[in-house]
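Below, chains carry the letters A, B, ... as their sequence lines are ordered, and counting in each starts from 1.
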There are 4 protein chains.
Amino acid sequence: MNKVVLIGRLTKDPELKFTPGTGSAVATFTVAVDRRFSKDGQKEADFIPIVVWGKQAESTANYTGKGKLIGISGRIQTRSYDAKDGTKRYVTEVVAEEVQFLEWGSGNKAAGSSFNGNMSEEFGKTQSFGQETYGEDITPVDDGDIPF
Amino acid sequence: MNKVVLIGRLTKDPELKFTPGTGSAVATFTVAVDRRFSKDGQKEADFIPIVVWGKQAESTANYTGKGKLIGISGRIQTRSYDAKDGTKRYVTEVVAEEVQFLEWGSGNKAAGSSFNGNMSEEFGKTQSFGQETYGEDITPVDDGDIPF
Amino acid sequence: MNKVVLIGRLTKDPELKFTPGTGSAVATFTVAVDRRFSKDGQKEADFIPIVVWGKQAESTANYTGKGKLIGISGRIQTRSYDAKDGTKRYVTEVVAEEVQFLEWGSGNKAAGSSFNGNMSEEFGKTQSFGQETYGEDITPVDDGDIPF
Amino acid sequence: MNKVVLIGRLTKDPELKFTPGTGSAVATFTVAVDRRFSKDGQKEADFIPIVVWGKQAESTANYTGKGKLIGISGRIQTRSYDAKDGTKRYVTEVVAEEVQFLEWGSGNKAAGSSFNGNMSEEFGKTQSFGQETYGEDITPVDDGDIPF
DNA sequence: TTTT
DNA sequence: TTTT
């Protein structure tokens with residue numbers, strides 16, 4: 001059993017990439033989740049790294065963005081990589097299986113991602129809110145060559 | 001909202017320490033959680049770092065141990081520290097708020113911790129199973145000087 | 001272990017009552033949570049009964065209302081009562097331990113509850129959004145005589 | 001968002017049925033989850049109704065049973081039916097998406113279910129423990145005619 | 001650096 | 001390296 005649920009705000013626009021192999025979309029971003037109990041009244045937050053795969057990665061890249069509130073459910077994943085200094089580094093992140101946009105509106109008009117952004121007319125300026133949840137559509141087939 | 005639930009096995013006995021300041025107990029350990037979907041049939045797991053505070057830390061140090069199955073609920077916490085090479089390192093771990101021993105029996109009889117271990121007669125060799133859950137008893141008062 | 005997380009909309013304004021004994025506040029309401037998979041495209045939802053105790057009950061009664069989006073974490077509780085026809089009825093509901101207002105704004109200006117509603121100037125018409133989470137402040141002391 | 005995680009014990013052996021239409025397997029049972037905080041020291045539990053579909057329903061019927069410890073993740077579902085006295089009754093239950101046997105061993109040798117029970121030699125008397133989790137294999141296609 |  |  002490995003279950004996570006988070007509600008927080010994106011610290012930046014998501015980064016959209018595609019795996020070299022199968023071309024699966026992957027979005028990565030960080031979510032700031034305010035802590036319930038902070039010492040005295042200081043505002044404190046946890047900054048949790050998120051990974052999303054497949055069609056949801058594209059939705060995420062297009063319908064949410066920096067500062068927007070988002071709900072996520074998924075699981076904690078750990079992996080290691082070799083740092084440039086030769087040491088092994090360990091990463092703990094959340095793989096999102098379900099993403100719920102609690103505030104809509106994306107910042108990524110200027111692109112840099114392969115998505116053409118033609119949704120921006122519908123969602124760009126308007127602040128609409130919904131309860132739609134996007135489920136996992138691609139089994140995260142762990143290509144071996146992860147682009148981050 | 002920041003909620004985590006895990007069921008997995010300890011990869012080692014927990015490490016019990018006490019904060020220099022208030023003397024609060026802190027236990028740290030890693031839990032191996034088998035993944036539901038692994039590529040082909042290879043056994044794969046996530047190795048998730050756990051922190052437990054207060055009275056629960058002591059229970060954990062004494063009633064569970066390497067290889068034992070445990071249930072955890074809590075939240076994801078991120079923090080940073082300065083590595084010896086001068087760079088900043090980021091850590092993501094789970095702060096357990098509730099710990100449930102799904103298999104009892106500890107390995108740390110020989111001690112090294114301040115706990116006297118007199119429970120070992122009751123729980124040491126026997127493999128008993130229960131559903132008792134130990135709640136958070138100390139608000140994790142983030143001493144500033146965390147001993148790990 | 002008994003953990004629930006929900007994001008959904010109130011089907012009505014919360015009902016605020018106070019226990020005869022200790023005078024603890026209790027709010028009850030129903031949250032509609034859209035299903036991810038519904039047969040064909042029909043909109044379907046689960047209508048989940050929620051109970052909140054203490055100071056949070058009052059916040060809930062005042063800062064949210066019919067149609068508003070809310071995040072809840074808590075646990076499932078079951079209880080039974082004797083129906084007027086002499087049969088025993090079983091109830092399953094969610095006891096909220098944490099409530100997060102994803103959209104603010106209450107409908108209960110006209111009252112009927114004992115709360116004086118003097119917050120309505122601040123929160124009444126404006127649609128502001130936040131991430132503030134209100135934790136459990138009163139241990140739900142199960143008076144024995146629950147007013148619903 | 002609608003997420004539930006439970007760890008508890010079956011109050012009885014699961015009941016296995018098959019939908020008239022598609023012949024999908026459905027198992028139903030109740031899980032007793034001990035409460036963390038009970039008034040004084042009295043042992044109290046919540047008795048939570050569970051529904052499992054598909055292949056997992058069969059696993060459940062065969063590899064677990066009365067008194068066994070089980071981990072469940074899923075969602076809360078509400079439905080209504082017409083009671084014999086003409087009134088509408090509302091039911092809240094947990095639809096399990098993931099089931100983890102924390103203690104193995106089934107009681108349903110004598111059958112009544114279509115499963116032939118030939119696993120009982122492997123799992124019957126031995127008390128083995130594992131971490132295997134069985135995922136949802138059939139999208140719970142809500143036949144319309146649910147056999148309970 | 002990992003558990004069964 | 002962080003969000004409102």
Checklist entry - Any idea how C:Y63 and C:F101 line up, ring-wise: parallel (<30°), tilted (30 to 60°), or perpendicular (>60°)? => result perpendicular
Checklist entry - Heavy atoms under 4.0 Å, any strand shown: does A:K12 hit a base, just sugar-phosphate, or nothing? => result nothing
Item to check | Whole-Å distance separating the CG atom of B:L10 from the C1' atom of E:dT3 | outcome: 8 Å
Item to check | Check: A:V5 and B:V5 side chains under 4.5 Å, non-hydrogen atoms | outcome: no
Item to check | Partner set under salt bridge (Lys or Arg N to Asp or Glu O under 4.0 Å) for A:K84, not counting sequence neighbours | outcome: none
Next on the checklist: If I take atom CD in residue A:Q77 and atom P in nucleotide E:dT2, what distance separates them, rounded to the nearest angstrom?
Outcome noted: 17 Å
Next on the checklist: Restricting to side chain to side chain contact (heavy atoms under 4.5 Å, CB included), what partner residues turn up for A:T11, sequence neighbours left out?
Outcome noted: A:T30, A:A32, A:F47
Checklist entry - Given atom CZ of A:F47 and atom C1' of F:dT1, what is their separation to the nearest angstrom? => result 10 Å
Checklist outcome for this item: Side-chain contact check for A:T11: nearest option of E:dT3, F:dT4, F:dT2 is F:dT2
Checklist entry - Tell me: CZ of B:R89 to P of F:dT2, nearest whole Å? => result 17 Å
Checklist entry - What is the distance from CD of A:E15 to C1' of F:dT2, rounded to the nearest Å? => result 14 Å
Checklist entry - Between F:dT4 atom P and A:R36 atom CZ, what is the distance in whole Å? => result 23 Å
Checklist entry - For the side chain of A:R9, counting heavy atoms from C-beta on, which of E:dT2, E:dT3, F:dT3 is nearest? => result F:dT3
Checklist entry - Between B:R79 (CZ) and F:dT1 (C1'), how many Å, whole number? => result 18 Å
Checklist entry - B:K68 NZ to E:dT2 C1': how many Å, rounded? => result 16 Å
Checklist entry - Out of F:dT2, F:dT3, E:dT3, which nucleotide sits closest to the side chain of A:T30? => result F:dT2
